[in-house]
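These numbers were taken from a predicted model, which means no experiment stands behind them.
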Amino acid sequence: MPQEEVLSGGERVRDAWWVIGARDTAQDLLTTRRAWLRGRRTGRPALVLSFAAPGTSLDASLVVGTEIDAELAFYPGSQPLRALVGERYGTAEPGTPDGTSVQGFLDEHAAAMTQDPWLDRWPATLENMRLARAEGGDLYVVDEAGDALPLRMGDPWRLLALSGGGPVTVSGEWSPRGLRPLAAWHEDEGTVVL
């Protein structure tokens with residue numbers, strides 16, 4: 001669907017959007033950036049994609065750890081997630097997103113899957129998470145209730161150093177393979193992009 005059609009006819013939602021994570025992937029000669037947003041008032045997730053061919057740059061206007069007042073235009077779908085940034089109001093400000101517990105996240109993900117059973121990724125923002133290592137060496141985020149999600153990451157040291165054994169807010173992409181952390185927030189350290 002052409003971007004012009006989405007911007008003119010797509011569902012428009014204005015909110016203060018936290019930029020909770022971004023991930024770049026390269027395939028053949030195309031680089032893709034997935035920027036994940038979450039609305040402060042609506043709690044709604046959004047995915048903004050940008051693409052770059054060799055010699056061109058990706059959209060760098062959505063900075064992880066900031067909050068933007070903007071109107072997003074959503075692509076149609078059974079579970080509208082992909083969006084374009086329409087109008088922006090003001091400048092981006094630093095901000096720590098509100099998160100949820102593991103059970104709250106799993107409930108949200110289950111509701112999304114009932115709308116679109118083919119979802120392969122879903123954004124997660126989890127607060128008051130501690131890191132724990134299982135007997136086999138796998139790393140998990142664990143909430144205050146003791147519920148846990150497996151982490152899927154190559155080098156956990158930045159996240160381990162940031163948490164220092166204390167609670168952090170973690171955002172990432174959830175897939176059937178686990179949670180790939182994208183960013184974390186600590187009350188004393190601010191935002192760390194993982």
Side-chain angles (χ1 to χ4, degrees), residues 1-15 17-53 58-59 61-62 64 68 70-86 97-127 129 138-143 147-154 159 169-184 193-194:
M1 180 175 212
Q3 291 185 355
E4 297 76 25
E5 287 183 33
V6 175
L7 289 169
S8 65
E11 176 191 9
R12 308 272 299 202
V13 179
R14 182 175 176 185
D15 204 339
W17 297 94
W18 287 301
V19 184
I20 60 170
R23 182 162 179 246
D24 296 349
T25 55
Q27 184 176 15
D28 298 324
L29 297 177
L30 186 67
T31 303
T32 303
R33 174 168 292 156
R34 288 191 306 271
W36 294 101
L37 287 70
R38 179 164 296 277
R40 175 191 286 267
R41 290 180 295 276
T42 62
R44 184 172 181 167
L47 171 62
V48 177
L49 296 175
S50 63
F51 305 95
L58 291 161
D59 176 12
S61 66
L62 298 173
V64 177
I68 60 167
E71 187 173 65
L72 300 186
F74 284 85
Y75 282 79
S78 56
Q79 176 63 51
L81 181 63
R82 186 173 173 202
L84 297 171
V85 178
D98 293 336
T100 187
S101 65
V102 169
Q103 187 60 56
F105 166 71
L106 291 174
D107 291 344
E108 176 186 310
H109 182 254
M113 291 292 290
T114 62
Q115 296 295 315
D116 183 358
W118 306 112
L119 283 173
D120 64 340
R121 292 182 186 93
W122 189 256
T125 307
L126 306 161
E127 64 184 7
M129 294 291 127
D138 294 332
L139 198 60
Y140 290 79
V141 288
V142 182
D143 65 15
D147 295 328
L149 291 175
L151 292 179
R152 190 184 77 141
M153 60 190 309
L159 184 55
T169 296
V170 178
S171 70
E173 291 179 332
W174 174 254
S175 74
R177 295 169 300 283
L179 181 69
R180 176 187 292 272
L182 298 175
V193 177
L194 303 170

Which pairs would a plain distance check flag for residues 98-113, meaning a side-chain donor or acceptor within less than 3.5 Å of a matching protein atom at least two apart in sequence or in another chain?
from	atom 1	to	atom 2	distance (Å)
Ser101	OG	Gly104	N	3.0
Gln103	NE2	Asp107	OD1	2.8
Glu108	OE2	Arg38	NH2	3.0
Glu108	OE2	Trp122	NE1	2.8

Q: Check the pair Glu71 / Val13 against side chain to side chain contact (heavy atoms under 4.5 Å, CB included), numbers first and verdict last.
A: CA-CA 5 Å; Glu71 187 173 65; Val13 179; over 6 Å; no
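- Side-chain atoms of Tyr75 and Leu81, non-hydrogen and from C-beta on, never get closer than 4.5 Å to each other.
- Between the Asp15 side chain and the Trp17 main chain, no donor and acceptor come within less than 3.5 Å of each other.
- For the pair Arg33 (side chain) and Ala22 (backbone), a donor-acceptor distance under 3.5 Å is absent.
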Q: Evaluate the side chain to side chain contact (heavy atoms under 4.5 Å, CB included) criterion for residues Leu47 and Trp36: first the C-alpha distance (whole Å), next the side-chain angles of each, then the deciding distance (0.1 Å), finally the verdict.
A: CA-CA 5 Å; Leu47 171 62; Trp36 294 101; 3.8 Å; yes
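- Atoms CZ and CG, from Arg82 and Leu49 in turn, are 4.5 Å apart once rounded to the nearest 0.5 Å.
- Distance CG/Leu84 to CD/Glu4: 9.5 Å, rounded to 0.5 Å.
- Across Ala183 and Ile20, no two heavy atoms sit closer than the pair CB-O, 3.7 Å.
- The shortest non-hydrogen separation linking Arg14 to Arg41 is O-NH2, 3.9 Å.
- Rounding to the nearest 0.5 Å places OG1 of Thr114 at 7.5 Å from CD of Gln79.
- Judged as a salt bridge (Lys or Arg N to Asp or Glu O under 4.0 Å), and not counting sequence neighbours, Arg152 has no contacts.
- With sequence neighbours excluded, no residue forms a salt bridge (Lys or Arg N to Asp or Glu O under 4.0 Å) with Asp143.
- Surrounding CD of Glu11 are more than 12 heavy atoms belonging to other residues, nucleotides or ligands, all under 6.0 Å away.
- Inter-residue side-chain proximity for Thr25 and Arg23 is flagged as met; some heavy-atom pair is nearer than 4.5 Å.
- Scanning both residues, Leu58 and Phe51, for their nearest heavy atoms gives CD2-C, 3.7 Å.
- Between the CG atom in Leu37 and the OG atom in Ser171 there is a gap of 11.0 Å [rounded to 0.5 Å].
- The two atoms that bring Pro181 and Leu151 nearest to each other are CG-CD2, 3.7 Å, heavy atoms only.
- Here the side chain of Ser78 pairs a donor or acceptor atom with the backbone of Gln115 at under 3.5 angstrom.
- Here the closest non-hydrogen pair linking Gly172 and Leu179 is C-CD1, 3.8 Å.
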Q: Evaluate side chain to side chain contact (heavy atoms under 4.5 Å, CB included) for Leu126 paired with Val141, printing each intermediate quantity in order.
A: CA-CA 9 Å; Leu126 306 161; Val141 288; 4.1 Å; yes
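- The minimum heavy-atom distance between Ile68 and Leu62, with the atom names listed, is CD1-CD2, 3.6 Å.
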